[in-house]
Amino acid sequence: MAIWSIVRRKVSNSFASSILKQSRKSGSTTTNHRYYGAFAKEISLVARGSQVVNSTGLRSYLGYHLSSNAISRVTVPCIQTFNTRIRLFSSDNDGSVDAVVPFMGESITDGTLATFLKKPGDHVEADEPIAQIETDKVTIDVASPVAGTIEKFVAKEGDTVEPGFKIAVISQSSGAATQVKESEKKPEETKPEEKEEKPKPVAEAPPSPKVETSPPKEKPRAPPPPPASGQSPREPQLPPKDRERRVPMTRLRKRIATRLKDSQNTFALLTTFNEVDMTNLMKLRSEYKDAFLEKHGVKLGLMSGFVKGAISALQNQPVVNAVIDGEDIIYRDYVDISIAVGTPKGLVVPVLRNVENMNFAEIEKEINKLAKKATAGTISIDEMAGGTFTISNGGVYGSLLSTPIINPPQSAILGMHSIVNRPMVVGGEIMSRPMMYIALTYDHRLIDGREAVLFLRRIKDVVEDPRRLLLDI
């Protein structure tokens with residue numbers, strides 16, 4: 001079955017009929033006739049199987065005398081499926097190609113054009129990023145579909161764009177750069193002419209001198225009364241406006257603000273605290289860090305110990321791993337732990353999937369990989385979706401104590417803090433111990449205080465004595 005699809009600019013009915021007659025002569029069956037508005041300017045491309053020819057070759061292919069200026073595009077039989085990133089036709093005689101916004105994810109419908117990485121006239125390679133689109137979750141690069149020169153940008157920074165939106169025109173010819181530079185110079189060259197064309201102001205006769213009369217002397221005014229007691233003699237001096245800066249919020253910051261406020265408005269937030277003696281975990285790390293690095297190729301950190309402790313606590317208190325859905329409670333028999341990572345653009349929470357099946361080395365490798373991608377801005381939406389529980393380590397910034405906010409749709413979040421040597425009573429003696437405060441913020445609609453306290457107690461026991469994990473006690 002052959003399908004003829006004609007895209008035309010000014011095509012008469014008689015021309016369309018002649019095309020259909022020609023198709024019947026060749027033995028093909030016309031099943032669908034679709035007419036679209038013209039997209040090309042001067043030249044068109046035709047896909048014939050795996051071969052691509054321009055409109056000047058249509059006469060020999062169709063065997064009929066056609067005007068190349070009348071046709072914008074003809075899709076001939078043996079249509080081949082092309083990748084969506086491949087351009088089947090150019091927009092001008094120089095072979096220009098449009099750079100469009102790529103698909104950004106199932107849950108993302110639009111984004112903001114944050115910045116251009118190139119300028120008009122710059123040379124770019126195929127798949128080289130030329131702009132960045134900022135969404136609610138991630139920053140996405142817009143890549144050049146071909147190697148060439150940026151002819152012009154058709155969108156501005158700050159515009160809201162959707163997948164498929166055209167933002168730039170890439171010229172594959174070498175002459176585009178000189179055309180852009182010449183066009184940029186033209187306004188500058190015309191400035192002197194414009195100045196010369198401006199008419200000179202006509203000299204006006206000087207005004208006749210006016211006789212100045214001395215104004216009448218005013219009576220001296222009485223000084224203002226002193227301010228009443230309790231009133232300040234002057235109004236407060238506000239800082240000048242030129243010392244303030246107003247900048248629009250990024251989409252990521254807007255999304256973070258919305259989610260955290262929704263969490264505060266939806267959940268019955270309550271936080272409970274405990275403290276952990278880090279002596280044994282730090283000693284374990286100090287003794288085996290070199291051997292661990294040599295065997296697994298990653299450093300042994302403290303985060304893996306807390307992840308292991310959280311897994312054990314979640315398994316002992318499954319309600320902390322659950323979530324309210326309407327009038328039901330969903331208990332999840334798997335553990336996906338989100339790790340809060342602070343980046344220059346905002347807070348992101350990549351997820352460790354099925355972490356209950358991981359060992360210390362696998363946890364450290366996955367955290368290291370996701371943290372690097374989050375900092376570089378290359379983390380994907382799939383790597384941040386989901387999660388049943390979150391761990392936030394404010395101690396890396398020096399936080400001593402905090403009350404973290406739940407990451408919806410989860411029901412609890414663990415907050416880690418800085419390690420500080422404090423005097424502690426150990427075996428009846430006062431000793432200096434490295435101590436850390438830990439906090440658990442939970443949804444009190446679902447989790448009672450008993451479960452929350454036992455949860456933190458389990459993390460404390462595992463971190464203070466990691467041998468419990470081996471013995472499962």
Side-chain angles (χ1 to χ4, degrees), residues 270-296 298-317 320 335 337-342 352 355 358-361 363-364 367-368 371 389-405 412-442 447 449-473:
L270 187 60
T271 306
T272 184
F273 303 92
N274 212 321
E275 58 182 357
V276 179
D277 188 345
M278 301 292 294
T279 301
N280 291 332
L281 185 60
M282 294 177 67
K283 183 179 179 181
L284 177 69
R285 176 191 180 190
S286 178
E287 290 179 357
Y288 295 101
K289 63 179 182 180
D290 295 334
F292 190 89
L293 177 61
E294 182 179 355
K295 180 177 181 179
H296 301 291
V298 64
K299 293 182 179 180
L300 177 60
L302 300 178
M303 181 63 75
S304 56
F306 278 90
V307 171
K308 277 293 187 178
I311 295 169
S312 178
L314 289 170
Q315 291 173 342
N316 288 351
Q317 303 295 332
V320 182
V335 180
I337 293 184
S338 304
I339 305 296
V341 178
L352 304 177
V355 71
M358 295 183 182
N359 55 31
F360 278 83
I363 292 173
E364 290 290 352
I367 292 175
N368 190 39
F389 183 77
T390 297
I391 298 178
S392 176
N393 186 7
V396 296
Y397 306 110
S399 173
L400 181 63
L401 197 62
S402 68
T403 55
I405 298 179
I413 178 173
L414 175 68
M416 299 169 54
H417 301 92
S418 59
I419 301 173
V420 179
N421 286 323
R422 296 202 305 271
M424 302 297 296
V425 178
V426 180
E429 297 181 359
I430 298 178
M431 303 178 64
S432 177
R433 291 281 186 165
M435 304 298 295
M436 174 192 289
Y437 288 118
I438 56 176
L440 178 71
T441 299
Y442 57 97
I447 305 169
R450 173 183 175 274
E451 285 79 9
V453 172
L454 291 177
F455 181 91
L456 272 190
R457 181 71 189 186
R458 179 59 183 175
I459 294 180
K460 173 182 172 67
D461 293 341
V462 170
V463 173
E464 289 185 345
D465 189 2
R467 295 173 298 180
R468 289 177 176 270
L469 294 173
L470 299 176
L471 303 176
D472 193 20
I473 57 174

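Heads up: numbering here begins at 1 and tracks the sequence. Heavy atoms only: backbone and side chains are in, while hydrogens, waters and symmetry mates are out.
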Worksheet item: How far apart are the C-alpha atoms of I405 and T441, what are their side-chain angles, what is the distance that settles it, and do they pass the side chain to side chain contact (heavy atoms under 4.5 Å, CB included) test?
Response: CA-CA 7 Å; I405 298 179; T441 299; over 6 Å; no
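- Between the side chain of E364 and the backbone N or O of G301, at least one donor-acceptor pair lies under 3.5 Å.
- Legend: residues meeting side-chain hydrogen bond (donor to acceptor under 3.5 Å, both in side chains) with S402, ordered by chain and number and at least two apart, are H417.
- The two residues A452 and Y442 come nearest to each other via the heavy atoms CB-CE2, 3.3 Å.
- Residue F273 qualifies as enclosed at atom CZ: its count of foreign heavy atoms under 6.0 Å is above 12.
- Atom CZ of R457 and atom CD1 of I438 lie 10.0 Å apart (nearest 0.5 Å).
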Expected list for residues 465-473: side-chain donor-acceptor pairs under 3.5 angstrom, two or more places apart:
unit_1	atom_1	unit_2	atom_2	d
D465	OD1	R467	N	3.4
D465	OD1	R467	NE	2.9

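- Annotation: the span from D290 atom CG to K299 atom NZ amounts to 10.5 Å, rounded to 0.5 Å.
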Worksheet item: How far apart are the C-alpha atoms of L456 and L414, what are their side-chain angles, what is the distance that settles it, and do they pass the side chain to side chain contact (heavy atoms under 4.5 Å, CB included) test?
Response: CA-CA 9 Å; L456 272 190; L414 175 68; 3.7 Å; yes
Worksheet item: Passes side chain to side chain contact (heavy atoms under 4.5 Å, CB included), V320 versus F389? Steps please.
Response: CA-CA 8 Å; V320 182; F389 183 77; 4.1 Å; yes
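- Of all heavy-atom pairs between S304 and L300, the closest is OG-CD1, 3.9 Å.
- Evaluation of the side-chain hydrogen bond (donor to acceptor under 3.5 Å, both in side chains) rule for R458 yields S312 as partners, not counting sequence neighbours.
- Nearest heavy-atom pair, P404 versus A439, reported as atom, atom and distance to 0.1 Å: CD-CB, 4.2 Å.
- Checked options I413, I459, T272; the residue passing with L440 is T272 (criterion: side-chain contact (heavy atoms from CB on, under 4.5 Å)).
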Report all side-chain donor-acceptor pairs from residues 275-283 shorter than 3.5 Å, counting only partners two or more places apart or in another chain.
unit_1	atom_1	unit_2	atom_2	d
E275	OE1	R422	NH2	2.5
D277	OD1	T279	N	3.1
D277	OD1	T279	OG1	2.6
T279	OG1	R433	NH1	3.0
N280	ND2	E464	O	2.5

Practice prompt. Take L454 and N316 through the side chain to side chain contact (heavy atoms under 4.5 Å, CB included) test and state the conclusion after the steps.
Written response: CA-CA 9 Å; L454 291 177; N316 288 351; over 6 Å; no
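- Every residue was checked against the ring-ring contact (aromatic ring centres under 6.0 Å, His included) condition with F306, not counting sequence neighbours, and none meets it.
- Side-chain atoms of L302 and N393, non-hydrogen and from C-beta on, never get closer than 4.5 Å to each other.
- Minimum heavy-atom separation, I337 to V335: CG1-CG1, 3.6 Å.
- No side-chain heavy atom of V420 sits under 4.5 Å from any side-chain heavy atom of Y437.
- A search for ring-ring contact (aromatic ring centres under 6.0 Å, His included) contacts involving F360 returns nothing, not counting sequence neighbours.
- Taking 4.5 Å as the limit, some side-chain heavy atom of M303 sits within range of a side-chain heavy atom of I391.
- For the residue pair G305 and V463, the shortest heavy atom distance occurs at O-CG2, 4.3 Å.
- Atom OG of S418 sits about 7.5 Å away from atom CE of M436, to the nearest 0.5 Å.
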